[in-house]
2 protein chains.
Amino acid sequence: MNQPSYVRIATDLRTRIANGSLPPGTRLPARHQMAEEYGAAEGVVRQATETLVREGLLVSRPGAGTFVRERPQPRQFRRSWYYERRNGSPFARLMEEQGRHGVWEHRSDTMQAPPEVRDRLGLAAPDGGEHDVMCTRYVFRDEGDASPWTVSTSWEPLDLTKGTPIAFPEAGPHGGLGVTHRMAAIGVDVDAWREEVWARPASREEAQQLGIGAGSIVTVIERAYFAGERVVEVCDIIVPAESTRAVYSGPVGEERGHVRP
Amino acid sequence: MNQPSYVRIATDLRTRIANGSLPPGTRLPARHQMAEEYGAAEGVVRQATETLVREGLLVSRPGAGTFVRERPQPRQFRRSWYYERRNGSPFARLMEEQGRHGVWEHRSDTMQAPPEVRDRLGLAAPDGGEHDVMCTRYVFRDEGDASPWTVSTSWEPLDLTKGTPIAFPEAGPHGGLGVTHRMAAIGVDVDAWREEVWARPASREEAQQLGIGAGSIVTVIERAYFAGERVVEVCDIIVPAESTRAVYSGPVGEERGHVRP
DNA sequence: TCGAATTTGTGCGTATGTATC
DNA sequence: GGATACATACGCACAAATTCG
């Protein structure tokens, strides 16, 4: 079975990265040079390196070169159900558990929810152009780390929070605390969560924000928090797929309620 | 802001697919024809269609053409913690809940566990070439559906199951039942599970098995079942990322134990 | 500081092999 | 078997970013 050249080259590079003969940070020879070394055309080498860029093993920077990626310690993004109802920020807590120090930036704006978010929040049809959600964008980082852990976007319905001290998630007396904490402060009892996990190629903007190669893969976690039947928050959590694993765990046993279809 | 041609073409195709003017099953014009229509080179059109193939929107078949993908109903792969400890096969049950009918093929072999599996199962160093795990490969399908939901590979340590009626997961009186059921039959009390979720480009073989385009993305779910501190099964579950979402949900509350780091 | 060399990203055109119809 | 279409491969050119003397 004869493999295409670009697959052979990709495999060769992959093994040389794996066995350490191409350590992180190494700059690969230029395209034309590798083409000569492998006895192949430049386009073929390009296909091979693009493959490894999508796999997260290489990064290319125009004008600079193609580099073996500095692999951050494998990141564990624990998503366990027992997390909330504790003090402090959930992300800060997650990082502390791994001996890291979490920091983040955010920006909150009111807006009219786009149709897809509307649907997830169970909002009625829009009333003219009126703003009906608080949208907050986050970038979460480990203080010592160059590239962020995740970029996230959260939406909360204004009919719940407008005029309350928690309307802005990161401001006021409960600023920066978890959703369940903040909601409890206005008498909303968050009793369940639900997350849908999938993956897709990163957009150009996401790849840049997360410091990953163009076209590489992001894991998408779509979270919802519930108070009874009411959805009180939804959030899109975007993480680089090749360096971060979402970890779920729990007991084996009978159904105990609090599960959303 | 001037975008590259292949991005423009990809965006154009994406919107035409989204708004229904290129319905599922449509065959796109041949590359050389599209190149003429867009006033671009063939290579550029190829870049554009390859992008959409990776996104799961197109499939190309050599000699036949490039087609808008028949989008299966969005698949929900529920992974909730309360699933087990019920009668029947977990997959059959999952499908029933969605009004489908699950079927599957399998093949079991004893083998010596590869290092990575060894590590996950907590096995000691290999003893010569002796077989120490039962490896079972599955293909799970919806009876009415062309492409499988998932291909999975399960490993169970033989020092637990060898010589017992459950040594072959799909044979004997407990064949086809869930891991917790089968283990209970030999007195092993499975009390916790843990899943790591991430994603990567599909291998050629996986893409073919799952009926997705070359280079498109698979979600990987690495599952472990625990009996106390002992890992009694590990399983790699591979699903097409663009059509399947892993769904986790649970209550909000305090830690209740049964969680594995 | 600036300019020259280098490198990637993008684009063009062509040719051949192989699968499909 | 012939026509068609994609996969692979070759080679070239230019713009933009980066590097380095």
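Proteins come first, then strands; the chains are lettered A, B, ... in the order of their sequence lines, and each starts at number 1. The shown structure was predicted, so the numbers you read here are calculated from the model rather than taken from an experiment.
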Please state how far atom CD in B:Gln33 lies from atom P in D:dT4, giving the value in whole angstrom units.
12 Å
Run the salt-bridge test on B:Asp12 and B:Arg16 with the 4.0 Å N-O cut-off and return the result as yes or no.
yes
Length of the CE-C1' vector between A:Met34 and C:dT7, whole Å
13 Å
What does A:Ala40 touch in the nucleic acid at a heavy-atom separation under 4.0 angstrom: a base, only the sugar-phosphate, or nothing?
sugar-phosphate
Quick check: are there more than 12 heavy atoms from other residues, nucleotides or ligands sitting under 6.0 Å from CD of B:Glu36?
no
A:Gln3 CD - D:dA7 C1' separation (whole Å)
14 Å
Base, sugar-phosphate, or nothing: which does B:Arg8 touch, judged by heavy atoms less than 4.0 Å apart?
nothing
Using whole Å, report how far CD of A:Gln47 lies from C1' of D:dC6.
13 Å
From A:Trp149 atom CH2 to A:Gln76 atom CD, the distance as rounded to the nearest 0.5 Å
8.0 Å
Please report the C-alpha distance between B:Ser154 and B:Glu233 in whole Å, then the side-chain angles of each, then the deciding distance to 0.1 Å, and finally whether the side chain to side chain donor-acceptor pair (under 3.5 Å) criterion is met.
CA-CA 7 Å; B:Ser154 161; B:Glu233 190 240 24; 2.8 Å; yes
I want to check a possible cation-pi pair here: B:Arg79 against B:Phe77, using under 6.0 Å from ring centre and within 45° of the ring axis as the test.
yes
Can you tell me if the side-chain N/O atoms of A:Tyr6 get under 4.0 Å from OP1 or OP2 in D:dT8?
yes
In whole Å, what is the span from the CZ atom of B:Arg204 to the C1' atom of D:dC6?
13 Å
Tell me the interatomic distance from B:Arg54, atom CZ, to D:dA7, atom P, rounded to whole angstroms.
12 Å
5'-most contact on DNA chain D: A:Pro62 or A:Val44, nearest heavy atom basis?
A:Val44
Distance test, side-chain N/O of A:Ser60 to OP1/OP2 of C:dT8, below 4.0 Å
no
Students often get this wrong, so: under 4.0 angstrom with heavy atoms, is B:Gly65 touching a base, only sugar-phosphate, or nothing?
sugar-phosphate
What N/O pairs connect the protein and nucleotides 19-21 of chain D at under 3.5 Å? Give each pair on its own line.
residue: D:dT19; atom: OP1; partner: A:Arg61; partner atom: NH2; Å: 3.2

Distance check: side-chain N/O of B:Ser5 vs OP1/OP2 of C:dT10, anything under 4.0 Å?
no
Quick one: pull up NE2 in B:His101 and CE in B:Met95 and give me the separation to the nearest 0.5 Å.
9.5 Å
Spacing between B:Arg46 atom CZ and C:dG13 atom P, to the nearest angstrom:
15 Å
When the distance from CG of B:Leu28 to P of D:dA5 is rounded to whole Å, what number comes out?
12 Å
By nearest-nucleotide position on DNA chain C, the 5'-leaning member of B:Arg31 and B:Ala41 is B:Ala41
Only one of A:Arg200, A:Arg120, A:Arg137 forms a salt bridge (charged side-chain N to carboxylate O under 4.0 Å, His left out) with A:Asp236, so which one is it?
A:Arg120
